[in-house]
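A short worksheet on the structure shown next.
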Amino acid sequence: MSQGDSNPAAIPHAAEDIQGDDRWMSQHNRFVLDCKDKEPDVLFVGDSMVQLMQQYEIWRELFSPLHALNFGIGGDTTRHVLWRLKNGELENIKPKVIVVWVGTNNHENTAEEVAGGIEAIVQLINTRQPQAKIIVLGKAAASKYSFSEIMRLEQGSVNWSIGTYPDDTPATTRLFTGKMSRITMKSPDGLRKSYT
């Protein structure tokens with residue numbers, strides 16, 4: 001599914017410095033330093049959905065006691081997360097669980113490409129952190145007030161594609177958020193797929 005080099009969402013790429021202040025690279029470098037200084041049991045990696053989790057009480061109550069690290073950067077795509085993970089964010093740590101939540105910002109990619117980018121992330125994590133259980137969170141379903149119907153269908157397509165990973169993908173759990181069911185998902189063509 002990842003389509004190798006032909007899938008633009010699965011090719012690692014550093015984010016462009018749009019603000020001109022080296023903000024993205026500074027955050028990445030801070031994460032790499034955290035890997036040298038801390039011993040997380042849980043690592044969260046992804047885009048702003050992950051980054052913003054630290055602002056809520058649930059982070060302090062549930063995840064801080066687990067020595068969790070939050071490696072979320074707003075605006076990141078699957079390409080950016082792949083680049084970060086290949087360039088130090090998986091070194092010097094041995095988390096028990098790695099949570100991946102990314103894909104919302106892959107506006108220029110098809111659902112299949114985004115799912116392939118997420119699959120590439122999972123494969124990289126499995127290679128570099130074989131002891132870790134991986135939890136992949138699906139793209140959040142948008143409300144009718146924030147995105148068009150087309151965007152909601154696209155997100156459903158990404159979640160459907162993520163759900164079709166081969167059964168032999170080691171140590172990976174897929175959870176789907178928003179309006180998608182955790183147990184049964186409906187594909188864009190109306191078929192249902194159940195997960196146990």
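In what follows, residues are counted from 1 in the order of the sequence shown.
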side-chain contact (heavy atoms from CB on, under 4.5 Å) with V102: which of L82, V136, D47?
-> D47
Close side-chain approach of K86 to P12, heavy-atom, < 4.5 Å | yes
Starting from the C-alpha separation in whole Å, work towards a yes-or-no answer on side-chain contact (heavy atoms from CB on, under 4.5 Å) for N70 and V50.
-> CA-CA 7 Å; N70 183 316; V50 170; 3.3 Å; yes
Which residues share a side chain to side chain contact (heavy atoms under 4.5 Å, CB included) with R84, sequence neighbours left out | W24, H28, F31, V45, F71, I73, D76, V81, E89
So the salt bridge (Lys or Arg N to Asp or Glu O under 4.0 Å) pairs with at least one residue in residues 17-27 (sequence neighbours excluded) are D21-R23
Kindly write out the residues that satisfy ring pair (Phe, Tyr, Trp, His ring centres under 6.0 Å) with F63, not counting sequence neighbours, or none if the list is empty.
-> F44, W59
Tell me, please, which residues at least two apart from Q51 pass side chain to side chain contact (heavy atoms under 4.5 Å, CB included).
-> Q27, S48
L52, M49: one ILVMFWY side-chain cluster at the under-4.5 Å cut-off?
-> no
Output yes when a side-chain donor or acceptor of T78 lies under 3.5 Å from a complementary backbone atom of A9, and no otherwise.
-> yes
Might you confirm whether atom CD1 of I58 has over 12 heavy atoms from other residues, nucleotides or ligands at distances under 6.0 Å?
-> no
Do Q123 and N126 have side chains that get closer than 4.5 Å, going by heavy atoms?
-> no
Output all residues satisfying side chain to side chain donor-acceptor pair (under 3.5 Å) with Q55, sequence neighbours left out; order by chain, then residue number.
-> none
Taking only residues two or more places apart in sequence or in another chain, which ones pass side chain to side chain contact (heavy atoms under 4.5 Å, CB included) with Q131?
-> K94, P95, Q129
Under the salt bridge (Lys or Arg N to Asp or Glu O under 4.0 Å) test, which residues partner E16, sequence neighbours left out?
-> none
When you look at I93 and E39, which way does the side-chain contact (heavy atoms from CB on, under 4.5 Å) test go after all the steps?
-> CA-CA 6 Å; I93 57 174; E39 297 177 11; over 6 Å; no
Would you check, one step at a time, whether the test side-chain contact (heavy atoms from CB on, under 4.5 Å) holds for L90 with I98?
-> CA-CA 10 Å; L90 291 177; I98 299 176; 4.2 Å; yes
Report whether V42 and V32 are members of the same hydrophobic cluster (ILVMFWY, side-chain heavy atoms less than 4.5 Å apart, transitive linking).
-> no
From CZ (R128) to CD (E91), nearest 0.5 Å = 6.5 Å
Residues at least two apart in sequence or cross-chain that pass salt bridge (Lys or Arg N to Asp or Glu O under 4.0 Å) with R60, listed by chain then number, are E57
side-chain contact (heavy atoms from CB on, under 4.5 Å) assessment of V99 paired with L43 = CA-CA 6 Å; V99 179; L43 172 65; over 6 Å; no
Main-chain N/O of I11 paired with R79 side-chain donor or acceptor, under 3.5 Å = yes
Among the clusters formed by ILVMFWY side chains lying less than 4.5 Å apart, do L137 and L66 turn up in the same one?
-> yes
Name all residues meeting the salt bridge (Lys or Arg N to Asp or Glu O under 4.0 Å) criterion together with K38; count only those two or more places apart in sequence or in a different chain, and write none if there are none.
-> D34
Correct closest heavy-atom pair for I134 and V100 would be CG2-CG2, 4.3 Å
Residues passing the side chain to side chain contact (heavy atoms under 4.5 Å, CB included) test with D41, sequence neighbours excluded, are H67, K96
